[in-house]
Amino acid sequence: MKTRFVLIETSHAGNVGAAARAIKTMGFDDLVLVRPRWSNVLRKEETIQRASGALDVLANCRIVETVEEALEGMSHLCATAMTPRDFGPPARTPRAHFEMLLKGDLVAQQDGGKQPFLPAANAVGEPSAGLSGETGIAFLFGCERYGMANEDVYRCHVALSIPTNPDFGSLNLASAVQVVAYDWRQALGGYAVQDAAVHGERADAQQVAGMLAHWQQALVEVGFLDPDAPKKLMPRLNQMFNRAQLTQEEIHILRGVAKAMLRTAEAASR
């Protein structure tokens, strides 16, 4: 399914760049501007800086004069309107609407009967293969000062409303783009979190026992452990290190600590 983000009459160049960055981080690249304040907005330094590397999105971005041009090829239109309208499409949170959309719960009156507006999603959350190549979803964002015009909201199938603090619900344009792009990507299955940490190989029981024996010797030498009245210190340390699930590298570090304690105790006894 095609996904398009449409910014209408954007007045701040930085928001264009930040919006490009926001959609690229979620794997989207179709950005269209309708009558932006600056005709050269895609080349402005503030735009490029705020894009922070999403220059390919800016390079592919189109500037058009009408909303109709921006929506060519799109079949499902989502307004982003924080202010409720007395007349217009239903208001829903992005997550609730996307769930309904991909499950096929949205219906439209076609030929006198109810049919799913879009086919149901498959098992992994991607839209079904039955979607036409021309089917697409467009997210419309109004200008920073006034938001979306009524006529643009009325043309849409839904008015997405991001749940915010009731006492302060004003979102920056690019921030709103990021939230909607994130929720839509999550609805489509999301991306896996990549763990960059190097965890190392787990230490086995014998290595832990050897380290504990080394520590017991060191704790006695520094006077922390009384060998005649050890109480439950070593079993408690054993349990603590078991919970920590030590790696072999960590065993080496702890043995180094014990070795340093023994050297210090030896030096003090001279």
Side-chain angles (χ1 to χ4, degrees), residues 18 21-28 49-54 93-100 102-103 121-126 161-172 174-270:
R21 178 183 183 181
I23 68 172
K24 182 171 182 176
T25 61
M26 293 298 113
F28 305 115
Q49 288 180 352
R50 292 288 300 279
S52 190
T93 66
R95 292 184 187 182
H97 184 70
F98 298 156
E99 182 178 1
M100 294 174 65
L102 293 177
K103 284 184 176 179
N122 61 27
V124 295
E126 292 286 354
S161 182
I162 298 170
T164 56
N165 179 357
D167 297 324
F168 189 74
S170 177
L171 271 176
N172 170 266
S175 297
V177 171
Q178 183 73 82
V179 171
V180 172
Y182 172 78
D183 275 352
W184 180 230
R185 175 52 64 193
Q186 289 298 103
L188 294 176
Y191 291 122
V193 174
Q194 299 182 11
D195 190 354
V198 178
H199 297 289
E201 187 175 350
R202 283 277 303 278
D204 59 30
Q206 185 177 6
Q207 290 170 319
V208 174
M211 180 272 296
L212 282 168
H214 199 173
W215 264 61
Q216 182 172 0
Q217 180 188 3
L219 291 171
V220 169
E221 291 299 323
V222 299
F224 188 83
L225 174 63
D226 183 354
D228 296 326
K231 298 183 179 180
K232 295 182 179 180
L233 176 61
M234 295 314 299
R236 289 183 184 279
L237 287 177
N238 198 158
Q239 289 298 306
M240 182 180 72
F241 287 131
N242 283 345
R243 289 195 301 271
Q245 299 184 352
L246 299 172
T247 65
Q248 294 183 10
E249 179 63 26
E250 289 165 342
I251 290 289
H252 294 324
I253 293 171
L254 290 169
R255 277 187 170 274
V257 173
K259 186 176 180 180
M261 287 193 293
L262 287 169
R263 282 201 306 264
T264 300
E266 182 181 358
S269 65
R270 291 175 184 171

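Not measured: the values here are computed from a predicted model.
- When the salt bridge (Lys or Arg N to Asp or Glu O under 4.0 Å) test is applied to Arg263, no partner is found at least two apart in sequence or on another chain.
- Not counting sequence neighbours, the partners of Gln178 by the side chain to side chain donor-acceptor pair (under 3.5 Å) test are Thr25.
- Between Met26 and Trp184 there is no side-chain heavy-atom pair separated by less than 4.5 Å.
- Residue Gln217 holds its CD atom at 10.0 Å from CE of Met261, rounded to the nearest 0.5 Å.
- Side-chain contact between Gln207 and Leu246 is absent, with no heavy atoms from C-beta onward closer than 4.5 Å.
- In this structure the side chain of Met234 reaches within 4.5 angstrom of the side chain of Leu219, judged on heavy atoms.
- Take Glu201 and apply the salt bridge (Lys or Arg N to Asp or Glu O under 4.0 Å) test, not counting sequence neighbours, and it matches no residue.
- Considering all non-hydrogen atoms of both residues, Trp215 and Leu254 come closest at NE1-O, 2.8 Å.
- For the salt bridge (charged side-chain N to carboxylate O under 4.0 Å, His left out) condition, no pair includes a residue of residues 227-256, sequence neighbours left out.
- With sequence neighbours left out, Glu99 forms a side chain to side chain donor-acceptor pair (under 3.5 Å) with Lys103.
- Contact check for Val222 versus Thr264: no side-chain heavy atoms found under the 4.5 Å cut-off.
- Shown here for Ala22 and Ala181, the closest heavy-atom pair between the two residues is O-CB, 4.5 Å.
- The distance from the CG atom of Leu171 to the CG atom of Asn165 is 10.5 Å, given to the nearest 0.5 Å.
- Taking every heavy atom of both residues into account, Phe98 and Ala187 meet most closely at CB-CB, 3.7 Å.
- Closest heavy-atom contact between Gln216 and Leu225: CG-CD2, 3.7 Å.
- A pairwise comparison of heavy atoms in Glu221 and Ala265 identifies O-CB, 3.6 Å as the closest pair.
- Annotation for Phe224: atom CZ does not count as buried by contact number, only 12 or fewer foreign heavy atoms lying within 6.0 Å.
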Checklist entry - Would Phe241 and Met211 satisfy side-chain contact (heavy atoms from CB on, under 4.5 Å), going step by step from the backbone distance to the final call? => result CA-CA 10 Å; Phe241 287 131; Met211 180 272 296; 3.6 Å; yes
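- Remark: Gln239 engages no residue in a side chain to side chain donor-acceptor pair (under 3.5 Å) (not counting sequence neighbours).
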Item to check | Criterion side-chain contact (heavy atoms from CB on, under 4.5 Å) on Phe28 and Arg185, from CA distance to verdict | outcome: CA-CA 9 Å; Phe28 305 115; Arg185 175 52 64 193; 3.2 Å; yes
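- Distance check, rounded to the nearest 0.5 Å: NE2 of His97 to CG of Leu102 gives 9.0 Å.
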Item to check | Verdict with supporting geometry, Arg21 and Arg50, side-chain contact (heavy atoms from CB on, under 4.5 Å) | outcome: CA-CA 7 Å; Arg21 178 183 183 181; Arg50 292 288 300 279; over 6 Å; no
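- Considering all non-hydrogen atoms of both residues, Ala258 and Ala218 come closest at O-CB, 3.5 Å.
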